[in-house]
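Have a look at the structure below, then the notes.
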Amino acid sequence: MQVAFSADNAPADEAPYYLPSGNEVEVFTAAYRQHLPLMLKGPTGCGKTRFVEHMAARLGRSLITVACHEDITAADLVGRYLLQGGDTVWVDGPLTRAVRSGAICYLDEVVEARADTTVVIHPLADHRRELILERRAEQLTAHPYFMLVLSYNPGYQSVLKDLKQSTRQRMVGIELGYPPAEREHQILVREGGVSEAQATDLIKLAQAIRQLDASLLPEVCSTRTLVSTAHLIQAGLSPRVAATAAMLQPLCDDAVVQQGLREVVETYLPA
Amino acid sequence: MIHDTGAHHPLRLLAAAVVGRPVSISYLLDPAAAAWTDGDRIYLPGALPAGECARALLVQCALLAGGAMRVVGLRTLVGSIELRQRFLVLEVERCCGLIESRLPRSFLDALSIYATGASSESAEMSLQIAGQRKRLPAPPTWFGTVKPWRIMRQNLQGSQRKLNEQKLSQLESRISAIEDDAPDDDEDALKRNPFWKLFSSPLGKDGLFSRFMQEIFDMQSSPDKASADSGAEGSSEMVSGRAGRQMRDIANALRSSMQLTIPSALMAAEGGAHRYPEWDCEKQAYRTDWTCVEEVTAGAETPVFDVATLASGVDRPLQRTLARLCLGFRRHSGQRQGEDLVLDPLVRLAVDLRSGHSGDERIYSSSLRTRRDLGVLILLDTSSSTLESTGSDRVFDRQAQAAWRLCRSFDLLGDRVAMYGFHSWGRTLVRFQHLKTFDEPLGAAVPARMGKLSVAGYTRCGAAIRHASNLLNTHAGTPYKLMLLVSDGFPYDDQYEGQHASEDTRKALEEAAADGVACLCLSIGSDADRARLLQAYGNTHFLAVGDVTELASRLRGAVEKAVAAASRIRRVSESGRRVA
């Protein structure tokens with residue numbers, strides 16, 4: 001049985017660290033207050049998930065996360081009858097749980113799910129705010145604190161994998177990018193625990209690699225890989241070794257491009 | 001002669017990261033030479049240790065990124081070493097300041113001792129300050145040098161052509177002849193001389209200097225009466241005294257930098273720069289590492305055609321004809337009938353039926369021919385010959401239209417598509433102008449890049465086909481691979497013509513087919529000689545259509561033929577390999 005990963009996080013005492021680069025916190029809060037569903041766009045590793053965690057904690061709501069994939073079905077989201085012994089028992093899916101309890105339901109990488117699956121969120125995402133449980137002939141009205149958040153990365157999905165216009169048009173959108181240099185610097189020092197000087201070196205390296213165009217690298221190094229590099233430096237690795245392991249290796253497999261990137265790393269970071 | 005550093009340190013990615021666009025690097029064979037840039041390419045001494053080499057490279061990258069070599073009035077730097085050095089110090093400071101956020105800390109520290117305090121805001125201002133009396137620090141050797149003559153020559157028409165030894169000695173002999181004729185060294189007379197304007201007026205494409213250089217490039221191997229009567233003689237009559245000496249300086253400068261560089265890709269494998277062999281039909285053997293192909297960003301300053309003319313709608317007929325090309329099997333679950341039962345929906349159906357619902361009967365899976373299994377690389381010929389117009393529009397416009405339609409149609413169908421423009425100037429300068437890679441989504445950036453294509457140079461097809469087939473093999477990731485070469489004519493380049501070019505192109509096509517890449521050359525509304533094209537490409541690899549709309553009816557058959565030929569050749573070559 002395909003069951004999507006879903007985690008119910010009770011509201012945290014302290015909000016996970018997130019440093020806004022624009023007005024995303026205000027937009028999120030306004031959308032929450034006005035019962036509008038939200039769509040987060042942005043490249044991988046720019047902090048979409050962290051942002052949602054931060055906002056859930058800040059607003060005092062618990063967070064239910066669903067990682068979407070191609071085989072996810074509407075029943076995986078809504079719930080289904082399961083056989084238990086000789087009986088059939090209804091079990092709520094993550095979306096239904098969130099609707100009932102007033103949690104924030106976060107559908108991560110929602111384009112990975114097939115378009116016919118995402119259609120179940122339509123009545124939830126407009127003025128009706130209702131979830132229809134077809135099997136139980138039940139119509140659930142969402143808890144006033146319920147909020148739906150989707151995320152996706154418009155970069156690497158092909159044309160065939162795109163959100164339906166009818167789904168998109170129901171959302172409020174926030175576009176996240178990699179934070180500007182000085183903010184990313186703060187994030188590295190706070191989250192990665194490296195010194196100011198080391199953070200400066202890493203940021204300069206990232207700024208340079210992000211200049212490379214798509215003909216050489218399909219994706220560039222993200223804030224997440226920068227933080228991982230900082231963690232490795234913390235663990236005692238030299239900056240060059242840490243950057244090679246955490247930034248370059250995940251970036252591409254082409255040996256020649258790797259060699260060129262190693263040269264970039266050696267120019268920017270001390271041994 | 002060349003230090004090992006060059007061979008083991010591919011610096012092209014570093015340069016691209018700092019400048020913000022792909023940059024070509026050439027290594028200077030003279031170990032004592034200084035690094036410099038002509039506003040397009042970076043020339044680095046090959047004999048520097050790795051650390052120093054990176055530092056010299058960063059300086060040149062900053063100069064490129066800051067547009068230091070695009071300044072109007074660079075000619076004032078000619079002849080004065082001191083002025084050049086002062087300009088260099090000012091510009092290095094200004095340009096490094098512009099991209100400070102992405103320059104390494106250690107490099108900025110090394111730079112700080114050469115601060116001028118002049119805070120120049122533009123290259124023009126630097127030129128002005130350089131001419132004043134302000135005290136400036138002397139640049140270290142790793143700042144390299146500025147070569148104003150080379151930069152000015154770079155901006156001339158036909159400037160990418162090579163000046164060979166023979167032509168240079170002709171130029172020198174002419175200049176010395178002028179000097180003998182004109183012993184007069186009177187400054188006023190010189191200033192009155194119309195030739196002087198050549199040095200004091202901004203150089204345009206139709207400038208006298210430009211024409212003069214053109215004459216040098218076009219000089220016959222053995223000067224005869226005809227060339228003696230040509231414009232070169234006419235203009236040289238005006239040269240006298242100091243101007244003549246200056247011309248000789250140019251000749252020396254050209255000689256000193258001639259044939260002394262090698263593209264970095266010919267020394268080591270580098271990201272974005274590649275080397276390929278070429279087939280020599282006379283010797284019946286490959287010349288190894290003969291050509292150098294580089295990927296660059298399309299960056300012409302004046303758009304070559306109007307992007308708005310690109311069709312925006314969906315070309316339904318073309319899409320329909322391409323829709324059934326090269327489909328693979330894909331397992332579909334959720335079918336009402338099929339070969340296999342799928343457990344999950346089956347359990348669900350059982351539960352539904354037991355709980356009194358009707359249930360979903362789509363419980364089978366089956367293999368259907370629906371998977372798009374095609375990777376397409378579209379190569380657009382951007383040589384200068386495509387600018388010729390036949391009838392109402394230019395060949396290039398028609399080709400760009402066709403390439404764009406094909407790219408859109410394949411992309412909408414879900415195929416993997418990449419598109420590049422290509423042209424060449426001799427074997428070391430084959431360029432792929434990046435329009436779209438396989439991994440990029442098709443967006444507004446692609447037509448914008450098409451508008452910036454630089455259309456010039458020639459067509460070295462063999463190298464282009466080899467590189468395209470390499471790209472398809474490494475990046476397409478699909479079982480079927482198709483290369484569409486949208487070109488106006490037969491292969492032609494410097495020392496690449498006639499039978500040699502045809503045979504090399506044919507050989508490159510064979511190699512591509514052996515790797516499973518189907519090739520098709522599309523000629524669109526061009527009146528090029530059909531017989532010669534057929535000789536180069538052969539019947540299976542060539543399709544001529546009069547107009548873009550004809551593609552819908554004729555493309556599919558031609559592509560199927562090419563794909564079939566490629567898979568046949570591949571089978572043969574694979575079985576050959578097994579036997580061997």
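Letters go in sequence order (proteins before strands), and every chain restarts at 1.
In summary, B/D289 and B/R275 engage in a salt bridge, as defined by a charged side-chain N under 4.0 Å from a carboxylate O. The pair A/R224-A/E219 does not meet the salt-bridge criterion, since no charged nitrogen lies less than 4.0 angstrom from a carboxylate oxygen.
Contact of A/A197 with chain B is made through backbone and side chain together, with heavy-atom distances under 4.5 Å. Using a 4.5 Å cut-off between heavy atoms, B/L58 touches chain A through its side chain atoms alone. When heavy atoms are compared at a cutoff of 4.5 Å, B/R105 approaches chain A by way of both its backbone and its side chain. Looking at B/L346, there are no atoms closer than 4.5 Å to chain A (heavy atoms on both sides), in backbone or side chain. Interface residue A/T88: only side-chain heavy atoms are found under 4.5 Å from chain B. Proximity to chain A (any heavy atom under 4.5 Å) is restricted, for B/T297, to the side chain, taken from C-beta onward.
Most heavy-atom pairs under 4.5 Å with chain B: of the set A/E266, A/R135, A/Q207, this distinction falls to A/R135. When A/I203, A/D201, A/L269, A/L205 are compared by the number of non-hydrogen pairs under 4.5 Å with chain B, A/D201 comes out ahead.
By the 6.0 Å and 45° rule, A/R210 stacks over the aromatic ring of A/Y178.
For CD of A/Q234, the number of neighbouring non-hydrogen atoms (other residues, nucleotides, ligands) closer than 6.0 Å is greater than 12.
Judged by distance alone, the side chains of B/R431 and B/T382 never bring a donor and an acceptor atom under 3.5 Å apart.
When each of A/L261, A/T225, A/V265, A/L232 is tested with A/M247 by the rule side-chain contact (heavy atoms from CB on, under 4.5 Å), just one qualifies, namely A/T225.
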